[in-house]
Undergrad: 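Before anything else, here's the structure in question.
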Amino acid sequence: MAGLEPRVEYLESFRCPLGGLAAGKPRVLCHGAEIFVSTGSEFVYVYDQEGRLLTAVYRFPGQVWHLELWAPRRLLYVLCAQKGIYCLSLDQASRSVNQGDGDDRGSEDGQPPCAAVPVHPDACLLPDDTLCTFTVVDDMLVTLAQGPARWKVQLSDCPCPGEDARPRGQIGEVELSTSSPLAGAPGEPTAPHILPVLCCVSPPGSSALQGRTRGSRGCLLEQALFGLLFGVDASLLESPVILCGLPDGQLCCVVLKTLVTSRLSPGDPKALVKILHHLEEPVVFIGALKTESLAEDAEDTHPDCLVALGHGGRILAIKASWDEAGTLVPELREYQLPGPVLCAACGGGGRVYHSTPSELCVADLARGRASDRGPGGLPSLLCPAGLGICSVVTLSVSCEVPEGGARLLALSARGRLMTCSLDLSSEMPCPTRAAVADTGQKIKELLSGIGTVSERVSSLKKAVDQRNKALTCLNEAMNVSCVLLASREGPRPISCTTTTAWSRLQPQDMLTATCRLENNSGLSLDRGWALCVQVLTSTPASDTDVAGSATTYTIPVDRLGPGDRREVTLPLGPGEDGALDLPLTVSCALHYSLREVVGGALAPSESFKDPFLDECPPDVLPEQDGICLPLSKHTVDMLQCLRFPGLATPHTQPSGLLGPVSDSVDTFLGSLGPRSEPAGPASLRAKFLPPSVATIRVSAELLRAALGDSHTGTSLGCATLQWLLAENTALDVVRSRRLSSVQGVAPDGTDLHLTIREVAVTHLCTAGPMQTVEIQVESSSLASLCSAHHAVIGRLQRMVVEQAAQSSSPPDLRVQYLRQIHINHETLLREVQALRDRLCTEDEASSCGTAERLLQVYAQLRSPSLLLL
């Protein structure tokens, strides 16, 4: 490393902005003792190395982006941002400087060190605000312009000395394909963040690069590599080739002589452009160098390797090599250098110099020929060495020291112009193949360890996030539970109401229950909550040993915010057999699934196993995998399921609410004439036996107290019927017509008659007759009669319980009369038991009389003389 320690000498300091010079715009050119410096501002400085002084300062109309010096004519070509290309004759300009024809005006970078000579606008050789870079090839000017969607390579003539300064016209133009849209709106291009790069490559013997100065973009390439890259036509024509490095990473080439003849013989423009490679990052440098050592009889001493360097540090090296079959092929190899790259330059001995914000480095492409080179001759690994100089924004290799050293000309970000002398006679440190393999293995192990740790960190972070979410959900569930458990009496903040209705959406009439869940609290029901609705049927009357069936529906509550509501409609029956076992109980509850919310947070991940989970048993959750919060219980009985087709009018009858659906086949057969009636027991009973009747008597005083003001303006009988049918869909019709008697249809299709009348009971009270209300249920179907009788009794029982605490003492009753009624009822019950026992032992012929007597006793029991007080 001792041989790589540079000897730095500072030549001059230039004014720079507060944040320092930006990379990409500053330029340094060296020609003899003169150094041309541009810092990216509108000034171009000329520095004399022998006299160690600044000899001239030129002020241009805009920021200077690029410099080219044509030495034979002493012409300086300058590209100004959004202005164009200016041509300055150094001989005439020096005379102007000697005559003191300058001004002392400063710029945004501060005052120049000496008087600045303004460049006249007439010096503009090619006015174009879209130009981004250019290069001079012989007597032609090659420019790269930024179009609305594509880059354009344009070729123009340069004026000869003594001629008009304007170019004689455009020779050719071709568009380059771009993989990404350029910045700026159509017609108003914006300056790219990183400028493109142009480089002229010529075959040996070409005169296109004569007069090139150090720092100019141009190089010669050995014949073999030139022919492999650009084709036989370019080799035979000995045509210079323009290499274009674009900000999107493309490396393209255009053969100049084909571009010149393209206007004379037009063809496919795409055939003029060839894409050599794609670096996938902005190209910042293109150059060539010599990697093979020179033999004594070597004829081709020109560079044999083409390099392109990207902004991120990716470098491409292309060299001609022999494959296994003995064929000459181009070898392309990519390396990765430290980045971001600010500037770069190619030197002798196969060395590439590149600068990063932290250090100026050198990489040797000619090292390790015996051990570290691949089959094609390029090294398999590049090991850049640091030179201990940082923040170099532009770089130029001025000359080679005869003893094997190098001299670099650099401009730092602080505006300091310096020379760096390197002694390259000692060997640069380069690891052997074994050391490289060992280092690579260690790097793989480190990367594997980093990947394992990163994966574990990601898994742990995911687990922590899951547990935090689970804790948040549990906190919300706890708040909802507390709100519901604290409001058992009165209106609940989260409620569920159930209503029933008949629907004709099915092939047969279907009784449906609509459960409406309302959230009137300030909490939200999110993931994990579900509405559970259980429908419990009653025990069938035909088989008392069989328990009623229960069906549970679970409906997930995705999100129910404050003030939201959600409705769920469920079928209740009848079933496939057409039977509807009443009463039905519809229970609604909120269920919170702990396994859904907490189970995922407690389960170990596939990629790691948390030590905390080793201490917790897998069945950490309770056996009941959720929390159940009851909301409501609703009983559906016969009075809610009755339909009243006789009350409907043609204009007001809702579909499926007041009457059952008549089958279309039965309607058609009925229209043909009389047909035989079905011979089932129910139809025979309805045809030949009188309808069954059940009667309940209630004290009128008890009903008035229970109904309150609801019977005001109507009779007590009408009010009682409206109270019984309060949950039926026909209530509005009954209320509007003030009915005290109505005939409806049960779910099985049989008729059922409800009659409410006021009667006086004379034998019960000692004070005289007592006003009562008699509720009479009449139906030809015993099942429908029992269901309706059960529904009426249930409502009266609840009413009596509610009024028992606040009503006064009952009136004086005749106790002996009550005892006689009780004795008569016990006698009837004993007779019922005896008749049922006889039915089990008698044959079919003798059981008819027993059954008939049993029906008569049941009728007496359903019409008692007792009164509800």
Side-chain angles (χ1 to χ4, degrees), residues 27-38 43-50 55-61 64-80 83-99 101-102 117-128 131 133-144 154-172 198-202 205-220 238-240 242 256-257 259-260 396 398-399 409:
R27 294 288 183 267
V28 172
L29 297 180
C30 182
H31 178 61
E34 291 182 317
I35 300 176
F36 301 88
V37 181
S38 168
F43 293 101
V44 174
Y45 306 92
V46 182
Y47 181 81
D48 185 9
Q49 299 185 72
E50 295 178 353
T55 59
V57 179
Y58 302 102
R59 182 188 180 107
F60 287 84
V64 176
W65 278 2
H66 187 55
L67 299 177
E68 288 278 355
L69 178 63
W70 193 247
R73 304 177 185 175
R74 288 192 52 82
L75 297 176
L76 183 65
Y77 295 92
V78 179
L79 172 62
C80 292
K83 298 293 182 181
I85 299 176
Y86 290 78
C87 181
L88 184 65
S89 175
L90 296 178
D91 295 332
Q92 297 178 2
S94 62
R95 289 195 294 269
S96 299
V97 172
N98 295 333
Q99 295 171 3
D101 199 13
V117 178
V119 177
H120 199 273
D122 292 341
C124 185
L125 185 69
L126 185 61
D128 191 346
L131 297 182
T133 187
F134 74 96
T135 186
V136 179
V137 182
D138 202 2
D139 58 347
M140 293 180 293
L141 190 63
V142 183
T143 60
L144 185 61
Q154 299 171 342
L155 184 62
S156 306
D157 275 333
C158 284
C160 296
E163 296 181 352
D164 184 13
R166 300 292 179 181
R168 288 171 290 187
Q170 191 179 96
I171 300 176
L198 285 184
C199 180
C200 179
V201 179
S202 301
S206 175
S207 61
L209 298 180
Q210 293 181 0
R212 283 277 175 171
T213 60
R214 286 284 180 177
S216 298
R217 296 171 176 174
C219 56
L220 295 173
E238 295 185 353
S239 170
I242 298 298
L256 277 188
K257 290 190 177 181
L259 185 60
V260 172
S396 175
S398 61
C399 62
L409 196 61

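Note that the structure is a prediction, hence the values are computed from the model and not measured.
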Undergrad: Under the side-chain contact (heavy atoms from CB on, under 4.5 Å) rule, what do Gln49 and Ile35 come out as? Steps first, then yes or no, please.
TA: CA-CA 7 Å; Gln49 299 185 72; Ile35 300 176; 3.3 Å; yes
Undergrad: Check whether any side-chain heavy atom of Cys124 sits under 4.5 Å from a side-chain heavy atom of Ile85, and report yes or no.
TA: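 Contact flag for Cys124/Ile85 side chains = no.
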Undergrad: Of all heavy-atom pairs between Cys87 and Tyr77, which one has the smallest distance, and what is that distance?
TA: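 Nearest pair, atom of Cys87 first, then Tyr77: SG-CE2, 3.7 Å.
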Undergrad: Calculate, to the nearest 0.5 Å, the distance between atoms CD and CG belonging to Glu34 and Leu69 respectively.
TA: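 Rounded to the nearest 0.5 Å, the CD-CG separation comes out at 8.0 Å.
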Undergrad: Which atoms form the tightest heavy-atom contact between Tyr47 and Thr55, and what is the distance?
TA: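 Residues Tyr47 and Thr55, closest heavy atoms: N-OG1, 4.4 Å.
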Undergrad: May I ask you to check whether His31 and Phe36 place their ring centers less than 6.0 Å from one another?
TA: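 No: the rings miss the under 6.0 Å criterion.
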Undergrad: Measure the shortest side-chain to side-chain distance between Val136 and Leu141 over non-hydrogen atoms and say whether it is less than 4.5 angstrom.
TA: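 Yes. Closest side-chain heavy atoms under 4.5 Å.
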Undergrad: Out of curiosity, Leu67 CG to Ser38 OG, how far, rounded to the nearest 0.5 Å?
TA: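 Reported value, rounded in 0.5 Å steps: 5.0 Å.
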Undergrad: Could you please spell out the steps behind the side-chain contact (heavy atoms from CB on, under 4.5 Å) verdict for Ile242 and Leu155?
TA: CA-CA 11 Å; Ile242 298 298; Leu155 184 62; over 6 Å; no
Undergrad: A side-chain contact here means heavy atoms from C-beta on lying under 4.5 Å apart; do Leu126 and Leu131 qualify?
TA: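 Touching, per the 4.5 Å side-chain cut-off.
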Undergrad: Looking at CG of Leu90 and CH2 of Trp70, how far apart are the two atoms once the value is rounded to the nearest 0.5 Å?
TA: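 Rounded to the nearest 0.5 Å, the CG-CH2 separation comes to 14.0 Å.
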Undergrad: Could you report the tightest heavy-atom contact between Pro61 and Lys83, atom names first, then the distance?
TA: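 So the two residues come closest at O-CE, 4.0 Å.
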Undergrad: Which heavy atom of Tyr86 sits nearest a heavy atom of Pro121, and at what distance?
TA: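 Reported closest heavy-atom pair: CE2-O, 4.2 Å.
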Undergrad: Apply side-chain contact (heavy atoms from CB on, under 4.5 Å) to the pair Val78 and Tyr58, showing each step before the final yes or no.
TA: CA-CA 11 Å; Val78 179; Tyr58 302 102; over 6 Å; no
Undergrad: Of all heavy-atom pairs between Glu68 and Phe134, which one has the smallest distance, and what is that distance?
TA: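 Residues Glu68 and Phe134, closest heavy atoms: CG-CE1, 3.4 Å.
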Undergrad: Would you find a donor on one side and an acceptor on the other, under 3.5 Å apart, between the side chain of Thr135 and the backbone of Leu198?
TA: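 Looks like no, no N/O pair under 3.5 Å.
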Undergrad: Indicate yes or no for a side-chain donor-acceptor contact from Asp138 to the backbone of Met140 under 3.5 Å, with no hydrogens or angles considered.
TA: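 Pair absent, no side-chain N/O of Asp138 close to backbone of Met140.
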Undergrad: Not counting sequence neighbours, which residues clear side chain to side chain donor-acceptor pair (under 3.5 Å) with Glu238? List them please.
TA: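 Glu238 satisfies side chain to side chain donor-acceptor pair (under 3.5 Å) with no other residue.
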Undergrad: Would Gln154 and Val142 count as a side-chain contact (heavy atoms from CB on, under 4.5 Å) here? Give the steps.
TA: CA-CA 6 Å; Gln154 299 171 342; Val142 183; over 6 Å; no
